[in-house]
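The block underneath contains the structure these notes are about, expressed in structure tokens.
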Amino acid sequence: MAPGLLDLVHLTTWAVCAVIKLPQLVAVLRAGSAWGLSLSSLLLELAGYLVFLRYQIYYGYPLETYLEYPIIIAQDVILIYCIMHFSGKARRALFYALLYWGSWYMLTLQKWIIDLAMNMCTFISAASKVVQLQHLWQTKDSGQASALTWGMSVYTCAVDSFNLCLQFFFLLVLIRFIIMLILNIWVTATVLHYRKTIKTD
């Protein structure tokens, strides 16, 4: 792929990541409700993002392989707080903040800890998608879940997988992106399915 085209692909990924959670945030804030969203799913997603980012920094991976993660993490934190607020669980936010902050530092105390965490990272991130799917299946209502946010997640996973194949080919990271791509497509399709079902009833 031409370097100019590759740079354009990187820029579009970063642009999408800069706003990836905004449609979800807007939907939650407009409705004043977090119906259709699983707090457990988002907490797992945040844990996966933090482990992945810490691993990339620890091993000195190229910046372009993880530059979007701090942006997504910041948006996830805001979204989690909004969901806790509308669910009447805002007091728990400080506990989770301390837990994640402590974990961030503990991950690199020993090399084996960060390696083990990264090996579990794909399972943690995949579990977050499965928990969201399970929540949708149980409620049979997508509520405030944003198909646009999930669709943007599909795009970023697809582009990141493609970039890794072309440039770096880190197998562990590539496998993670492909699994996340499949699960993001599944969640997007489920959100759209239940939105369509609610409208036709």
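To the nearest 0.5 Å, atoms CG (Leu116) and CD (Gln110) are separated by 12.5 Å. Note that CG of Leu133 is 7.0 Å distant from CG of Leu183, once rounded to the nearest 0.5 Å. With values rounded to the nearest 0.5 angstrom, Leu53 atom CG is found 4.5 Å from Ile73 atom CD1. Note that CG of Leu192 and OG of Ser142 are 8.0 Å apart. Values are rounded to the nearest 0.5 Å. Note that the CG atom of Asp115 and the SG atom of Cys121 stand 12.5 Å from one another [nearest 0.5 Å]. Between the CG atom of Leu39 and the NE2 atom of His135 there is a distance of 10.0 Å, given to the nearest 0.5 Å.
No side-chain donor-acceptor contact under 3.5 Å links Arg54 to the backbone of Tyr49. No donor-acceptor pair closer than 3.5 Å links the side chain of Gln144 to the backbone N or O of Leu25. Proximity of a side-chain donor or acceptor of Ser153 to a complementary backbone N or O of Thr149 within less than 3.5 Å is detected. At least one donor-acceptor pair under 3.5 Å links the side chain of Gln75 to the backbone N or O of Cys17.
Placement of Ile182 and Val154 in two distinct hydrophobic clusters is found when ILVMFWY residues are connected by side-chain heavy-atom separations under 4.5 Å, directly or transitively. Linking Ile, Leu, Val, Met, Phe, Trp and Tyr residues whenever their side-chain heavy atoms come within less than 4.5 Å places Trp14 and Leu148 in a single cluster. In the hydrophobic cluster analysis, where Ile, Leu, Val, Met, Phe, Trp and Tyr join through side-chain heavy atoms closer than 4.5 angstrom, Ile71 is grouped apart from Leu11. Criterion: ILVMFWY side-chain heavy atoms under 4.5 Å apart, direct or through other members. Under it, Tyr69 and Leu67 are part of a common hydrophobic cluster.
Looking at every heavy atom in both residues, Thr188 comes nearest to Gly151 through OG1-N, 3.6 Å. Across Leu107 and Ala117, no two heavy atoms sit closer than the pair CD2-CB, 3.4 Å. Nearest heavy atom pair, residue Ser128 against residue Glu45, reads CB-N, 3.4 Å. Between Ala47 and Ile124 the shortest heavy-atom distance is CB-CG2, 4.2 Å. Taking all atoms of both residues into account, the shortest heavy-atom contact from Gly36 to Leu136 is O-CD2, 3.9 Å. Across Met180 and Thr122, no two heavy atoms sit closer than the pair CE-O, 3.8 Å.
For the side-chain contact (heavy atoms from CB on, under 4.5 Å) with Met118, the qualifying choice from Tyr58, Phe52, Tyr59 is Phe52, the only one to do so. Shown are Ile114, Leu50, Asn119; of these, the side-chain contact (heavy atoms from CB on, under 4.5 Å) with Tyr55 is made only by Ile114.
When side chains are defined from C-beta on, Trp186 does not count as touching Lys129, because their heavy atoms never get closer than 4.5 Å. For the pair Gln24/Leu37, a side-chain contact is recorded, criterion being any heavy-atom separation below 4.5 Å from C-beta on. In this structure, Trp150 and Thr190 have side chains that are not in contact, with every pair of non-hydrogen atoms separated by 4.5 Å or more. Two residues are said to be in side-chain contact when any heavy atoms from C-beta on lie closer than 4.5 Å; Leu46 and Leu42 fail this criterion.
Sorted by first and then second residue, the pairs that involve residues 31-42 and meet side-chain hydrogen bond (donor to acceptor under 3.5 Å, both in side chains), not counting sequence neighbours, are Trp35-Asp141.
Between the side chains of Tyr155 and Thr13, not a single donor N or O lies within less than 3.5 Å of an accepting N or O.
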request  = Show the numbers, then the answer: is there a side chain to side chain contact (heavy atoms under 4.5 Å, CB included) between Met106 and Ile113?
outcome  = CA-CA 8 Å; Met106 288 178 62; Ile113 297 173; 5.8 Å; no
CA sep, side-chain torsions, deciding dist, call: Thr156, Met152, side chain to side chain contact (heavy atoms under 4.5 Å, CB included) = CA-CA 6 Å; Thr156 57; Met152 288 192 283; 5.6 Å; no
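With a 6.0 Å radius and a threshold of 12 heavy atoms from other residues, nucleotides or ligands, Trp137 has its CH2 atom above the threshold.
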Name every donor-acceptor pair, under 3.5 Å, that has one atom in a side chain of residues 77-105 and the other anywhere in the protein, sequence neighbours excluded.
{"from": "Ser87", "atom 1": "OG", "to": "Ile83", "atom 2": "O", "distance (Å)": "2.8"}
{"from": "Tyr100", "atom 1": "OH", "to": "Leu43", "atom 2": "O", "distance (Å)": "2.6"}
{"from": "Ser103", "atom 1": "OG", "to": "Leu99", "atom 2": "O", "distance (Å)": "2.8"}

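Ser125 meets the side-chain hydrogen bond (donor to acceptor under 3.5 Å, both in side chains) test with Arg176; sequence neighbours excluded.
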